[in-house]
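Protein chains get the first letters and strands the later ones, always in sequence-line order, with residue 1 at the start of each.
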Amino acid sequence: MAASMGRGRGGVTSFQKKARAKTLQIPGTRPSSQGNQLLVSTGVPSLDHIIGGGVVVGTVMLVEEDSFGSYARLLMKYFMAEGIMTHHPLLLSSAELHPKQLLSDLPAPVSDDIGKAALNQEEVSLEKNVQKEATMKIAWRYHNLRTEQPELGAFSQFGHYYDLSKTMSSEMRDTAPTRLFYLQDELPLEKQGVWTSITNPAYIKLLQSIQDVVKEGQFDLTVPQPKDVPRTVLRIGLHSLGSPLWGEQDSGSSHDSSLPHFLHALRAVLRTSLAACLITIPTHLFEDMAFTRRLEKLCDSVIRLESFAGSEKEQNPAYKDYHGLLYIKQLSQANCLLSYMPDCNDFAFKLRRKKFAVEKLHLPPELQDSQQREQDDPVAALKTPSASCFNPSVKSKLDF
Amino acid sequence: MFTELNVILGFDHLKPPKGQFVLISDSLTDGSFLIHHFLSLYIKGGWKVCLLALAQSFGHYNTVGQKLGVHLTQAREKGQLKFIDGLNHSLQAYTCTAQDGPDENPLRCLRDKKATLRPLYNLVKTHVCGEEGVLEGPTLLLVDDLSLLLSLGVPVKDVSDFVHYCRVLMCPSQQSQGAMVSLVHKDADVEDEENSSLFRHMAYHSTVHLAVEGLSSGYSRDVHGQVTVTFRNVQDPSQPQTRKRRLQYKLEERNVSFFAPGTSRAVL
């Protein structure tokens, strides 16, 4: 009975404490617009903007991987790099490549001088454009606006800018305490009797190590902390969970409850800790959509990446500026009545030489005067029927 | 507590109705705002509430409850609210080792295939009943949510047995003292046989069914979805068996506004 009543007076969850201690200032986080929750940046400012400011501390963000996993790996690297820049301790787990390999290839931050110089250059070129178009007579209201597609939320302050062409130096990397969990090092997993026949022991081991880090690093909010100890947020990155190397049998049928149980227990740990978690799962490997849906319901925020590499969409002229689509499937509803509602749900990402950015999907304008054949029309080819609430915009000739 | 919804449901906010088995189902969207509605409605109505929370922590319900005007920590201290922390039990079931003593965990079926949900039912019964084993005074059992039990690996048969036992305990007839509210996920675009068979069992027994879904025309910022309310009339065979009402809703910071389809403030 006592256990079921919760932890009683001492059992304070993370969000209650923040309500009382209004000055819980942790570097690298900012309060969310909905209520008193903390957000941490994903490392990509445009992605932060569309998911409502960042990843909510105490929740799990799921990234459903693209077919080759490269962009999901990139997002994980950004998340870890952002943690190093803000001095958040990291916990990284992976099964296929050693976490050290992931960490050795983080994007280098753009230093302030270079960042400001770039901004200055942009302003100078903008002024030149303005001078050239100062004689706009008809559309004169618009000549002060930028001529190119602006990135979403490019001027937020708690995210950092990174340069993908350079790697973060090892000195900078070593400043942040990191814990690594490499599945191959943990083998052979100790037998736990009857329990292992029901559930995957690899996930149990992973959860135990997460719990250990939370306890040792004093991220647990149920344990009262002395006032002078500065608090910080733990960033947990679980790369490519649920891949065949983790022991997922039957390509993830809905009868195997190991991964859902792991996610449920992870939620229990995170709700009372100062930690934010980013998980990437290759859901395209699962045959059963119902299993994927169950995993999504157990995570708080879910986005899905779909890259054009190797698919017929690569040749589609409508998508020529982008490398893939990004779908927001769910946003965190922890401690609020409603989640952040974006304006639209058509986002695409592109990977330029130096950075990865997410933008609203804009189809190119139709410049031909003559009526094209239906087969040649790239816009019509984008019709994808879907019954979901987040419906990509269906373009038909009747729309205006 | 959303007053417009109370009017539509015919629930009096001063005297919430007894003997109701309310089923909330959601498809491709999140229907948990209705859980908060019923929680605040029955707490404000002075009922004893037993909240079996599998999906979220106590802090979540407390924070949202404060926005809706109920103080859950106070209710818990006074004894009006009994909170069963499903997240914690599941975590303990996950991380316990074979060396630990005899298992007191109500969710031990998650690690022991031979156990059913009976320990969980016994726990609910101890919270809800007095010494004689019957309900003392109006009591509500709120389950959030049942599909999670399926995701965690509990067989459909065990979950529907559990629901049946709880229903017989709380609201076997319209005149009984208790009521029960539960949430099931029923996504229209995936074929989840376990969820749909559980949903059908529950819909058969329910007196009021609220189906939450997104708009068929797609995502909109001003109208977040629609709720279809189905009343099942089990008493009077001469009257039509089911009555349906359809409403659209918009979630806001502290409230959810319900309106007839097409009359959203953004449209008019």
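- Sorted by first and then second residue, the salt bridge (Lys or Arg N to Asp or Glu O under 4.0 Å) pairs involving residues 24-42 of chain B (not counting sequence neighbours) form an empty list.
- Between B:Phe258 and B:Tyr249, the ring-plane angle classifies as tilted under the 30° and 60° cut-offs.
- With a 4.5 angstrom heavy-atom cutoff, A:Leu337 touches chain B via backbone and side-chain atoms both.
- Heavy atoms closer than 4.5 Å to chain B are found in both the backbone and the side chain of A:Gln333.
- Evaluation of the salt bridge (Lys or Arg N to Asp or Glu O under 4.0 Å) test over residues 56-70 of chain B, restricted to residues two or more places apart or in two chains, returns B:Lys67-B:Glu253.
- No part of B:Glu193 comes within reach of chain A, as not one of its non-hydrogen atoms sits under 4.5 angstrom from that chain.
- Checked against the 6.0 Å centroid threshold, B:His60 and B:His36 count as a close aromatic pair.
- Heavy atoms closer than 4.5 Å to chain B are found nowhere in A:Leu263, neither backbone nor side chain.
- Proximity to chain A (any heavy atom under 4.5 Å) is shown, for B:Ser27, by neither the backbone nor the side chain.
- In this structure, CD1 in B:Ile43 is found 5.0 Å from CG in B:Leu39, a value given to the nearest 0.5 Å.
- Among B:Leu54, B:Leu148, B:Leu68, B:Val190, the residue making the largest number of heavy-atom pairs under 4.5 Å with chain A is B:Val190.
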